[in-house]
> 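What follows is a structure written as structure tokens; I'll ask about it next.
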Amino acid sequence: MALEEERLPEKVNFRIWGKIGRYALRHWRLILLVVTGMLLTSFYDAYLVPMMNAAVIEATSGLGTAPLDGASVMDVTLQLSLIEGAWEVAIPFWGFLVLEIAAILVRSCAVFVNFYFSNVLSLCVMTDLRRDCFRKVQELSFSYFDRVNSGWLIARMNSDTASLGDTLSNQALNGFWSLFDILFTLFSMFARSWELALLVLCTVPLLMLVLPPLQKALLVRWRTARSAYSHFVGWLAEVINGAKTIRTLSVEREIGEEAERIVGDIERKRFRASRLNSYLTPTLQLFSSLTTAILVLAGILMIQNGEDMEEMIALSATIVLFVTYVGNIYNPLQSLSELASEIMSAQAGAEKVGQLLDEEPEVRDSPEVVRKYGTPLSPLPLEGLPRAEGDILFEDVSFHYANGVEVIHPLDLHVEKGTSLAIVGETGSGKTTLVNLLCRFYEPTGGRILLDGVDVRERPLHWLHHEIGYVQQSPFALTGTYFENIAYGKEGATLEEVRRAASIAGIDGKIMAFPKGYDTLVEDGGSQLSQGEKQLLSFARALVRDPKILILDEATSSIDTETEREVQDSLLRILKGRTSISIAHRLSTIVHCDRIIVVDQGRIVEDGDHRSLMARKDGVYHNLYMTQFQELGLDEQIKAYEEHSGAED
């Protein structure tokens with residue numbers, strides 16, 4: 001991920017900013033309101049104030065040294081056009097004061113509107129980005145998460161979206177503010193003196209030669225710094241998830257040293273970017289000072305060539321006014337350069353967020369299914385679809401990952417309705433891949449899968465997942481009450497349905513032993529629960545929908561022997577009349593299954609029940625079972641022997 005980020009084009013990506021910018025345009029009313037406020041503020045600061053100051057200078061310079069009679073009225077002439085003398089308005093001095101006060105009040109209201117609604121816009125953009133990113137993550141296929149770690153996604157959906165929200169609202173609108181300031185300043189300058197206006201602008205072309213190389217170097221350094229940060233977030237997520245492993249292996253010192261290296265790398269790269277960024281302001285101030293010096297020198301020469309005192313006073317006032325204009329030009333230019341730096345800093349995040357939003361799921365409903373049933377994130381008319389009966393057929397199904405290595409070779413498998421099927425085999429043989437294909441977590445690269453005689457691709461994904469209860473090997477508990485944890489498996493589940501599922505899973509009695517029963521809070525993702533209790537919760541969560549198909553992926557591997565016996569007794573009741581597929585490493589847990597298939601390197605090498613497979617003394621299943629039998633302790637061997645004998649009886 002980090003290397004990919006640093007190989008991106010070393011220039012501003014206007015396409016991605018156009019795509020992300022549409023999130024701001026959704027709230028065009030807010031933008032219009034803020035831009036109007038900025039327009040009024042810039043008109044006052046960069047145009048009206050200099051013109052009013054010039055009018056006052058002109059009015060007072062004509063008084064000479066004569067005392068001002070307090071009862072008299074001094075006329076002030078305002079020139080409010082681009083062409084000198086084209087539009088002049090003479091107003092009384094007190095009217096001028098009223099106009100000034102009114103303009104100040106309007107400006108104050110406009111500034112409030114600018115800052116308040118810019119922050120509102122920032123929050124709206126950030127929320128929209130996070131909402132769409134989360135929806136996209138919900139839609140993506142399992143294959144996407146095979147190649148992207150959780151830390152990368154957290155960085156995109158948290159810090160990047162916040163940065164983009166600020167850039168697209170506060171920073172971008174401040175850029176418009178700066179542009180308005182420059183435009184009104186240009187109007188004001190050319191209305192006063194086009195010769196001096198051109199003199200003020202003479203250094204801008206030179207500035208345009210200096211800034212682009214500096215900004216390009218900034219883009220590279222900010223992207224590199226962002227890449228280092230993304231790597232840190234991914235690494236941090238792994239360290240947090242593996243905290244117990246780190247403790248048990250006593251590698252805290254090594255992890256601490258690695259943290260120092262990673263954090264130090266981020267510090268160095270951000271410092272290099274910030275150091276280069278710090279050159280922008282002095283560069284602009286240097287050009288501003290150079291322009292001021294040129295302007296003052298020209299003004300001195302002009303004043304020396306003046307014909308009379310009145311002309312020299314007017315020239316002096318004009319020079320003073322244009323010195324102010326220099327600041328009014330270069331201060332907005334500085335703001336624009338800071339905006340450019342902000343865009344460069346945020347572009348790497350914008351590109352990654354754009355990649356996430358552009359990512360298309362490899363497994364999706366066909367257009368025909370979408371038109372008929374909607375999407376997985378929209379309400380689906382599940383009542384209009386039949387409940388799955390549980391007859392499963394694999395027809396010449398094969399599968400390979402993106403690297404081209406075939407994991408499942410072409411195979412045929414028919415699981416009749418109500419059959420309890422177990423899949424066994426060595427690690428990496430393709431057991432879990434088979435059920436992942438059935439659930440459409442991945443699409444077969446060849447063949448098709450039928451459920452009740454219908455291709456699963458002709459049904460919506462949401463319906464398919466609703467009809468299959470899936471209990472994973474790694475149990476997962478939510479932060480919430482026991483009721484919420486179990487009811488999570490079915491929208492609108494009642495307490496009666498939750499208790500029934502919990503009773504089948506064998507955890508109802510433990511929950512009711514708490515003073516608050518099902519209202520007892522499960523905190524920190526079930527940190528106070530044992531692995532077995534978490535697994536029982538996941539059993540109940542899968543059973544609350546009363547699915548016709550149940551998949552158990554090493555579901556009893558985290559449960560102790562005594563609890564396992566209770567769960568097995570419960571499962572025998574719940575699996576009766578249902579289609580179940582159990583992926584098992586502990587073979588003693590599947591001896592009662594109607595059918596057992598042995599998978600080796602993506603092929604079915606043995607098929608039968610426990611008795612028939614054990615009868616093959618040189619068979620793969622027999623060897624696996626006997627190997628596990630020898631590894632068991634005495635009590636476990638007696639238990640396995642009793643189960644084996646019971647299965648044969």
Side-chain angles (χ1 to χ4, degrees), residues 138 142 145 150 240-244 420 422 432 435-436 439 441 462 465-576 578-586 589-590:
Q138 293 290 93
F142 274 36
F145 301 98
S150 59
I240 293 174
N241 292 333
K244 292 182 179 179
S420 57
T432 301
V435 297
N436 284 342
C439 296
F441 296 151
H462 184 60
H465 297 161
H466 184 271
E467 295 299 312
I468 298 176
Y470 197 123
V471 182
Q472 296 179 338
Q473 178 179 2
S474 301
F476 177 70
L478 303 166
T479 298
T481 64
Y482 278 98
F483 175 83
E484 292 169 340
N485 264 275
I486 299 174
Y488 194 76
K490 179 184 179 182
E491 184 178 359
T494 64
L495 179 60
E496 180 182 356
E497 291 172 324
V498 168
R499 288 204 62 182
R500 177 179 177 276
S503 297
I504 295 172
I507 197 174
D508 178 69
K510 295 181 180 180
I511 296 175
M512 292 304 296
F514 294 110
K516 294 184 178 181
Y518 282 84
D519 291 328
T520 303
L521 186 65
V522 179
E523 298 177 342
D524 298 328
S527 58
Q528 75 274 33
L529 302 178
S530 66
Q531 284 291 101
E533 289 171 333
K534 287 183 182 180
Q535 193 63 284
L536 293 176
L537 267 181
S538 64
F539 266 103
R541 188 183 301 133
L543 296 173
V544 73
R545 284 202 309 268
D546 194 23
K548 298 299 182 182
I549 303 172
L550 192 62
I551 295 177
L552 310 177
D553 188 356
E554 302 278 7
T556 60
S557 61
S558 302
I559 301 177
D560 57 72
T561 305
E562 182 178 351
T563 305
E564 180 189 322
R565 184 185 295 273
E566 297 175 1
V567 173
Q568 287 291 338
D569 293 340
S570 299
L571 285 177
L572 288 176
R573 294 192 303 270
I574 192 59
L575 295 182
K576 187 176 182 180
R578 301 175 188 270
T579 303
S580 67
I581 300 178
S582 302
I583 299 174
H585 174 72
R586 194 186 301 173
T589 64
I590 60 167

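These values consider heavy atoms only, across backbone and side chains, with no hydrogens, waters or symmetry-generated copies. None of the values given here were measured: they were computed from a predicted structure.
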> For the CG atom of Asp553 and the OH atom of Tyr470, what is their distance to the nearest 0.5 Å?
4.0 Å

> Would you call Val471 and Leu543 a side-chain contact if the rule is heavy atoms closer than 4.5 Å?
no

> Any side-chain to backbone donor/acceptor pair from Arg499 onto Thr494? Under 3.5 Å, distance only.
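Between the backbone of Thr494 and the side chain of Arg499 there is no qualifying donor-acceptor contact (under 3.5 Å).
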
> Atom SG in Cys439, atom CD1 in Ile468: separation rounded to 0.5 Å?
4.0 Å

> Taking atom CD1 of Ile504 and atom CG of Leu536, what is their separation to the nearest 0.5 Å?
13.0 Å

> Mind listing the closest non-hydrogen atom pair of Ala477 and Leu537 along with its distance?
CB-CD1, 4.4 Å

> Give every donor-acceptor pair under 3.5 Å between a side-chain atom in residues 511-522 and any protein atom, sequence neighbours left out.
| from | atom 1 | to | atom 2 | distance (Å) |
| --- | --- | --- | --- | --- |
| Tyr518 | OH | Asp508 | OD1 | 2.4 |
| Thr520 | OG1 | Gly517 | O | 2.7 |

> Any heavy-atom pair between the side chains of Ile507 and Phe539 that's under 4.5 Å?
no

> Does Tyr488 have more than 12 heavy atoms from other residues, nucleotides or ligands lying within 6.0 Å of its OH?
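No.
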
> If we only count heavy atoms from C-beta on, is the Ser503 to Arg500 side-chain gap below 4.5 Å?
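No, every pair of side-chain atoms sits at 4.5 Å or beyond.
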
> Can you tell me how far CG of Leu550 sits from OG of Ser582, rounded to the nearest 0.5 angstrom?
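Atom-to-atom, Ser582:OG and Leu550:CG are 7.5 Å apart.
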
> For Ala493, enumerate each residue passing the side chain to side chain contact (heavy atoms under 4.5 Å, CB included) test, keeping only those at least two apart in sequence or located in another chain.
Ala487, Lys490, Glu497, Val498, Val544

> Please collect all salt bridge (Lys or Arg N to Asp or Glu O under 4.0 Å) contacts where either partner lies in residues 467-481, sequence neighbours excluded, each pair once.
Arg387-Glu467

> Grab the two heavy atoms, one from Gly469 and one from Pro547, that are nearest each other, plus how far apart they are.
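Shortest heavy-atom separation between Gly469 and Pro547 comes out as N-CB, 3.6 Å.
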
